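Lettering follows sequence order; numbering is per chain, from 1. Since the structure is predicted, the reported quantities are computational estimates derived from the model, not experimental observations.
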2 protein chains.
Amino acid sequence: MYQKRKRHLEARAKVLKAMAHPSRLFIIDELAHGERCVCELTEMIGADVSTISKHLSVLKQAGLVIDDKRGNQVFYQLRVPCILNFFGCVESVLESQAQEHVDLLALVEK
Amino acid sequence: MYQKRKRHLEARAKVLKAMAHPSRLFIIDELAHGERCVCELTEMIGADVSTISKHLSVLKQAGLVIDDKRGNQVFYQLRVPCILNFFGCVESVLESQAQEHVDLLALVEK
DNA sequence: TGCCTATTTGGCAATATAGCCAAATAGGCT
DNA sequence: AGCCTATTTGGCTATATTGCCAAATAGGCA
């Protein structure tokens, strides 16, 4: 039942895991507007370059971005724009949670 | 730039992280077909009940499922069906990766 | 009450992830 | 060649995640 699909589910999980980090989500969002080089992303996020480079490597391994070396810098771009559609759904999760939180608070205050 | 959105991106990341595990993806897929109790999911996945219970707790914390206790068992159901739409996109990532892999192999064989 | 089943929680060991620094690699320029 | 910038890689520590077992909790039923 599960064992049969395990391999496939692991592959799916890898893609999701690659997205499941605030810096990497930022990068995805940023790349949605166009390609960016490592130095630009590093500047925007404000972490060590090596950290950003590793995040980009995770995204690349997962098949979410592709890189293009030009001169001495490397530009990354989104390979699968459809992942952006997903964020709307994630937002609705967050919103309904927020709403529930408000409801709970209201309940407590009565 | 990033700091301003960090909180929000962390919230998004939490939802994605909750999905990013093969067993939890299986559960989501299964719940797409209707509610299931912990014992059913445990049976299907073949891990310890406590492990499944913790997976369900992760999904619940993330706002992805809701639980409903009836008698001495607890039924879980999907709270946000839109996440299912996302899998099509994840599949396309996997497929294009597979295709690239084939291309690379072909290249090596020449 | 006592027992059985279903589920959750605590705790532990193994493994994975994140982020930094330092060092290696690569391209451009003088 | 020598130097500078951009990027990646190795290595380390801190932290988080996973999965099991054992124990706690809760409901149903004799």
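- Following rounding to the nearest Å, A:Ile45 (CD1) and C:dA18 (P) show an atom-to-atom distance of 13 Å.
- Atom NZ in A:Lys14 sits about 14 Å away from atom P in C:dA16, given to the nearest Å.
- Annotation: salt bridge (charged side-chain N to carboxylate O under 4.0 Å, His left out) contacts involving residues 53-68 of chain B, sequence neighbours excluded, comprise B:Lys60-B:Asp67, B:Asp68-B:Arg70.
- For B:Phe87, there are no ring pair (Phe, Tyr, Trp, His ring centres under 6.0 Å) partners at least two apart in sequence or on another chain.
- Using a 4.0 Å cut-off, some side-chain N or O of B:His55 falls inside it from OP1 or OP2 of D:dG19.
- Taking a 4.0 Å limit (strictly below) on heavy-atom distances, residues 18-29 of chain B reaches DNA chain D at B:His21, B:Arg24.
- In this structure, NZ in B:Lys6 is found 15.5 Å from CE in B:Met1, a value given to the nearest 0.5 Å.
- Here B:Arg12 pairs with A:Asp29, A:Glu91 under the salt bridge (charged side-chain N to carboxylate O under 4.0 Å, His left out) rule; sequence neighbours left out.
- Here C:dG19 presents its P atom at 15 Å from CG of A:Leu41, a figure rounded to the nearest Å.
- Remark: B:Phe26 engages A:Tyr2 in a ring pair (Phe, Tyr, Trp, His ring centres under 6.0 Å) (not counting sequence neighbours).
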(message) Counting primed atoms plus P, OP1 and OP2 as sugar-phosphate and everything else as base, spell out the protein contacts along nucleotides 2-12 of chain C at 4.0 Å heavy-atom distance: B, S or - for each nucleotide, 5' to 3'.
(response) ---BSSBBBB-
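- As rounded to whole Å, 19 Å separates atom P of D:dT17 from atom CD of A:Glu10.
- Distance NZ (A:Lys17) to P (D:dT17): 11 Å, rounded to an integer number of Å.
- With sequence neighbours excluded, no residue satisfies ring pair (Phe, Tyr, Trp, His ring centres under 6.0 Å) with A:Tyr76.
- Residues satisfying the side chain to side chain contact (heavy atoms under 4.5 Å, CB included) test with A:Gln77, not counting sequence neighbours, are A:Glu35, A:Ile66.
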For a quick test of your reading: what N or O donor-acceptor pairs under 3.5 Å do the side chains of residues 38-53 of chain B make, sequence neighbours left out?
from    : atom 1 : to      : atom 2 : distance (Å)
B:Glu40 : OE1    : B:Cys37 : N      : 2.8
B:Thr42 : OG1    : B:Val38 : O      : 2.7
B:Asp48 : OD2    : B:Ser50 : N      : 2.9
B:Asp48 : OD2    : B:Ser50 : OG     : 2.7

